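Keep in mind the model is a prediction, meaning the values are calculated, not measured. Position 1 is the first residue of the sequence; numbering continues from there.
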Amino acid sequence: MVGDPMTEPGMYLSHPGVVRTLPFAVFVAFILVADLVQGVPGLADFDPRYIYPFKVMLVTLLLALLWRRMEELRTLPANRKWLWLWAPFVGLVVFVLWINLDFGWLNLADPDAPGYNPRDPETGELHWPLALTRLAGSALLVPIIEELFWRSFLMRWITQSDFLALAPAAISAKAMLVSSLIFGLEHTLWFAGILAGLAYGWLYRASGSLWPPIVAHGVTNGVLGLWVLGTGNWWYW
């Protein structure tokens, strides 16, 4: 008797939901790893900033291994204006909102949190390998893994469990609102995060392709990263 293929060893990794969740989950898990490392006796001198480059390399490898199972990454919008016009414009608008909605109850960040500061603690000069890795990770890797999870998987799955069979245009308003709310609460700038989720979700629904929200998200994170490097507002990282 042939068993259920989903019960075979390793087959869970081919499940569409797992494929679109695992890279994001591993990336987020390293945030906990960084916190735990700092509390381990004997590692007091370890610089947790170096966990980020390792995390980027590991998740990039994982993404490459799963890439062929992510069909939506092979689909571009029929109208290329979504990629070259609307996506960058939306990304810039979200960036402007992000740095202007950072006050009072709209900001849940610890005011004493240093953020990811890539400067040398002794000289105060930028440690460029750390800075560039952080910039590349946030602008190139994070948009792919987050849009795969939040928009391609979660937003469609809320609409119907067989999410792969659902066209982006058929995503429900409820799914868009719920996923954007959770996406916002993932960030310390929760209200700006909700607006970003709605903006990226609208791009996905309207264009029918995951690449416009990926590009918009990349523009937001890339411009934000350059702004952080230029202003020294490290807590945004």
Completion exercise
Minimal heavy-atom distance between V56 and L141, with the atoms involved, is O-CD2, 3.8 Å
Practice task
State whether the side chain of N117 and the backbone N or O of W234 hold a donor-acceptor pair below 3.5 Å, judged by distance alone.
Solution key: no
Handout entry: Set of side chain to side chain donor-acceptor pair (under 3.5 Å) partners for Y236, sequence neighbours left out
Key = D102
Handout entry: Cluster overlap Y116 with L140, hydrophobic side-chain contacts below 4.5 Å
Key = no
Exercise for the section: Find out whether L101 and L189 are in side-chain contact, i.e. whether some heavy atom of one side chain is under 4.5 Å from a heavy atom of the other. Expected result: no
Exercise for the section: For the residue pair W86 and W82, categorise the inter-ring angle as parallel (less than 30°), tilted (30 to 60°) or perpendicular (more than 60°). Expected result: tilted
Exercise for the section: Take W235 and V228, measure what side-chain contact (heavy atoms from CB on, under 4.5 Å) needs, and give me the verdict at the end. Expected result: CA-CA 9 Å; W235 71 268; V228 168; over 6 Å; no
Practice task
Return the minimal non-hydrogen interatomic distance between M176 and S179, and the atom names on each side.
Solution key: O-OG, 3.2 Å
Completion exercise
Taken to the nearest 0.5 Å, the spacing of L226 CG from N221 CG works out to 11.0 Å
Problem - Hydrophobic cluster membership, W128 vs M57, 4.5 Å side-chain cutoff - result: no
Completion exercise
Correct closest heavy-atom pair for P53 and L130 would be CG-CD2, 4.0 Å
Exercise for the section: Can you see which heavy atom on P23 is nearest to which on I145, and at what distance? Expected result: CB-CG2, 3.7 Å
Fill in the blank from the handout: Sequence neighbours excluded, the answer for side chain to side chain donor-acceptor pair (under 3.5 Å) partners of N107 is none
Handout entry: Test of ring centre spacing under 6.0 Å for W150 and H217
Key = no
Practice task
Heavy atoms only: give me the nearest I214-P143 pair and the separation to one decimal.
Solution key: O-CB, 3.6 Å
Exercise for the section: With sequence neighbours left out, write down each residue that passes side chain to side chain contact (heavy atoms under 4.5 Å, CB included) with T159, or none if nothing qualifies. Expected result: L166, I171, S172, A175
Handout entry: Atom pair CH2/CH2 of W105 and W190 - distance to nearest 0.5 Å
Key = 4.5 Å
Practice task
Give the cluster check for L32 versus F27: same hydrophobic cluster or not, with ILVMFWY residues linked at side-chain heavy-atom distances below 4.5 Å.
Solution key: no
Side-chain donor-acceptor pairs under 3.5 Å in residues 198-205, sequence neighbours left out?
residue : atom : partner : partner atom : Å
Y200    : OH   : T220    : OG1          : 2.9
Y204    : OH   : R156    : NE           : 3.4

Problem - Spatial distance of atom CG (L106) from atom CZ (F103) [nearest 0.5 Å] - result: 5.0 Å
Completion exercise
Given the options F24, F54, Y52, F30 meets ring-ring contact (aromatic ring centres under 6.0 Å, His included) only with F54
Fill in the blank from the handout: Smallest heavy-atom separation, G222 atom then A139 atom, equals CA-CB, 3.7 Å
Fill in the blank from the handout: When rounded to the nearest 0.5 Å, the distance separating CH2 of W237 from CH2 of W227 is 11.5 Å
Exercise for the section: Measure the NE2-OG1 distance between H127 and T133 for me, rounded to the nearest 0.5 Å. Expected result: 9.0 Å
Exercise for the section: List for me each residue that meets side chain to side chain donor-acceptor pair (under 3.5 Å) alongside T231, sequence neighbours excluded, and say none if there are none. Expected result: N233
Exercise for the section: Tell me whether V33 is reachable from L61 by hopping between hydrophobic residues (I, L, V, M, F, W, Y) whose side-chain heavy atoms are closer than 4.5 Å. Expected result: no
Problem - Nearest-0.5 Å distance that lies between atom CD1 in I194 and atom CG in L181 - result: 5.0 Å
Exercise for the section: Starting from the C-alpha separation in whole Å, work towards a yes-or-no answer on side-chain contact (heavy atoms from CB on, under 4.5 Å) for L148 and L210. Expected result: CA-CA 8 Å; L148 278 167; L210 193 63; 3.8 Å; yes
Distance-only check: which donor-acceptor pairs under 3.5 Å involve side-chain atoms of residues 62-78, not counting sequence neighbours?
residue : atom : partner : partner atom : Å
E71     : OE1  : R20     : NH2          : 2.9
E72     : OE1  : R20     : NH2          : 2.9
E72     : OE2  : R20     : NE           : 2.7
E72     : OE2  : S152    : OG           : 2.3
R74     : NH1  : R68     : O            : 3.1

